[in-house]
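The residues of the chain are indexed from 1 along the displayed sequence. These numbers come from the heavy atoms of this one structure, side chains and all, not from hydrogens, waters or symmetry mates.
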Amino acid sequence: MSIYGATAGTELEDIIRRSEEGEANGAVIYQALALMARELGLAEEAQIFSEIANMESHHSGFYAVMNAKYPQAFWDVVRSIQQAEENADSRMPQTIEKVRALGTPEALAAAEGMEFICAQERYHGEILKQLIARHEREQNACEQSSNERCVNSSSVENSSMENTNEQQKQDSNESEVKVYVCKVCGYEHIGSLDDEPDDYVCPLCHKGKEYFVEKE
């Protein structure tokens, strides 16, 4: 059952809007506390605050959908976000250099963190671009076939993908293949990094091997 627009245009709209804003602000506060906790070496507290921040973010999104804050044309919204991610990436380097030019140890550390954020923005834009392309391919395929055939094909494909994923998991468990995750963009490298050359870089954010950690 959809919640989209449940309170839009009603006497509750303003209350829900304030709730959404409060939860969004809470997400920022808790995420900031998580970062501060990590700097203090409080790993457990940082994890807790980060989890709460994710919950607050979910709450904010829930209220936004209740009030129909964003258009219901889902893929139009995704396309606009993808463009915004790309535009943000083009503006960030100049700002990073201005922060670095401040010269303090805090500013230099912040500039390095902003470079990570910039790489993540590129990753977000690329992922959204891939999602949009896949959607357009599927939409074109559906237009070329009957709705019934499209639904049946989708069901078979999903079943096949599930079986394939399950088999891949089993194969991975049996062979104990190592997986390394890029700390910047989340890219997963399958196999030992020792087999890669010293100048190996992440194919998404172009960071070196030292930015990868083994996935548990």
Side-chain angles (χ1 to χ4, degrees), residues 16-66 69-70 81-82 84-89 91-128 131 169 172-173 176-194 196 200-216:
I16 296 302
R17 178 185 58 78
R18 290 197 297 270
S19 297
E20 179 234 318
E21 293 172 350
E23 296 288 346
N25 188 50
V28 173
I29 293 172
Y30 281 115
Q31 200 62 262
L33 288 172
L35 289 170
M36 294 163 65
R38 289 191 186 95
E39 291 186 349
L40 294 173
L42 304 174
E44 183 178 354
E45 288 81 354
Q47 181 63 30
I48 291 172
F49 285 129
S50 181
E51 291 175 357
I52 296 175
N54 290 335
M55 294 177 191
E56 295 286 279
S57 179
H58 172 76
H59 302 163
S60 179
F62 187 92
Y63 292 136
V65 174
M66 284 181 63
K69 181 176 182 179
Y70 305 105
I81 295 174
Q82 194 274 330
E85 294 281 13
E86 287 188 345
N87 292 337
D89 179 40
R91 294 191 300 267
M92 281 286 285
Q94 184 177 2
T95 303
I96 293 172
E97 290 308 313
K98 289 181 179 180
V99 172
R100 183 176 285 111
L102 295 175
T104 64
E106 293 82 3
L108 294 176
E112 183 177 357
M114 291 176 70
E115 286 183 340
F116 291 165
I117 292 174
C118 189
Q120 288 177 333
E121 296 290 359
R122 286 195 297 270
Y123 176 66
H124 298 163
E126 182 60 31
I127 288 297
L128 292 179
L131 288 175
K169 291 179 181 178
S172 177
N173 290 334
E176 296 183 353
V177 175
K178 291 185 177 181
V179 178
Y180 293 84
V181 181
C182 177
K183 295 185 292 185
V184 177
C185 68
Y187 172 79
E188 294 189 355
H189 174 88
I190 300 177
S192 176
L193 282 175
D194 294 335
E196 301 294 344
Y200 172 83
V201 296
C202 174
L204 291 181
C205 68
H206 306 293
K207 292 295 183 180
K209 294 168 69 173
E210 67 271 19
Y211 288 91
F212 283 81
V213 295
E214 186 172 355
K215 186 175 183 180
E216 296 180 355

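For residues 18-30, the set of pairs meeting the salt bridge (charged side-chain N to carboxylate O under 4.0 Å, His left out) definition, not counting sequence neighbours, comprises Asp14-Arg18, Arg17-Glu21, Glu20-Lys69. The salt bridge (charged side-chain N to carboxylate O under 4.0 Å, His left out) contacts involving residues 25-51 comprise nothing, where partners must be two or more places apart or lie in separate chains. Applying the salt bridge (charged side-chain N to carboxylate O under 4.0 Å, His left out) definition to pairs two or more places apart or across chains, those involving residues 94-107 are Glu97-Arg100, Arg100-Glu115.
Residues that satisfy the side chain to side chain contact (heavy atoms under 4.5 Å, CB included) test with Ala107, not counting sequence neighbours, are Val99, Leu102, Thr104. With sequence neighbours excluded, the residues forming a side chain to side chain contact (heavy atoms under 4.5 Å, CB included) with Tyr70 are Ala64, listed by chain and number. Residues satisfying the side chain to side chain contact (heavy atoms under 4.5 Å, CB included) criterion with Asn54, sequence neighbours excluded, are Gln31, Ser50.
Rounding to the nearest 0.5 angstrom, the gap separating the NZ atom in Lys209 from the CG atom in Asp194 is 6.0 Å. Here the OH atom belonging to Tyr30 is positioned 15.0 Å from the CG atom belonging to Leu35, to the nearest 0.5 angstrom. From Leu42, atom CG reaches atom CG of Leu33 across 11.0 Å, with rounding to the nearest 0.5 Å. With rounding to the nearest 0.5 angstrom, the CD1 atom of Ile52 is 10.5 Å from the CD atom of Gln47. Considering CG of Leu131 and CD of Glu126, their distance stands at 10.0 Å, rounded to 0.5 Å.
Around the CD atom of Gln94, the shell of radius 6.0 Å holds no more than 12 heavy atoms that belong to other residues, nucleotides or ligands. By the 6.0 Å contact criterion, OH on Tyr180 is enclosed, its count of non-hydrogen atoms from other residues, nucleotides or ligands being greater than 12.
Heavy atoms only, all atoms of each residue included: Leu193 and Tyr200 are closest at CD2-CE2, 4.0 Å. Ala27 and Ser57 get closest at one heavy-atom pair: CB-N, 3.8 Å. Of all the heavy atoms in Cys118 and Met92, the pair that sits closest is SG-CB, 3.8 Å.
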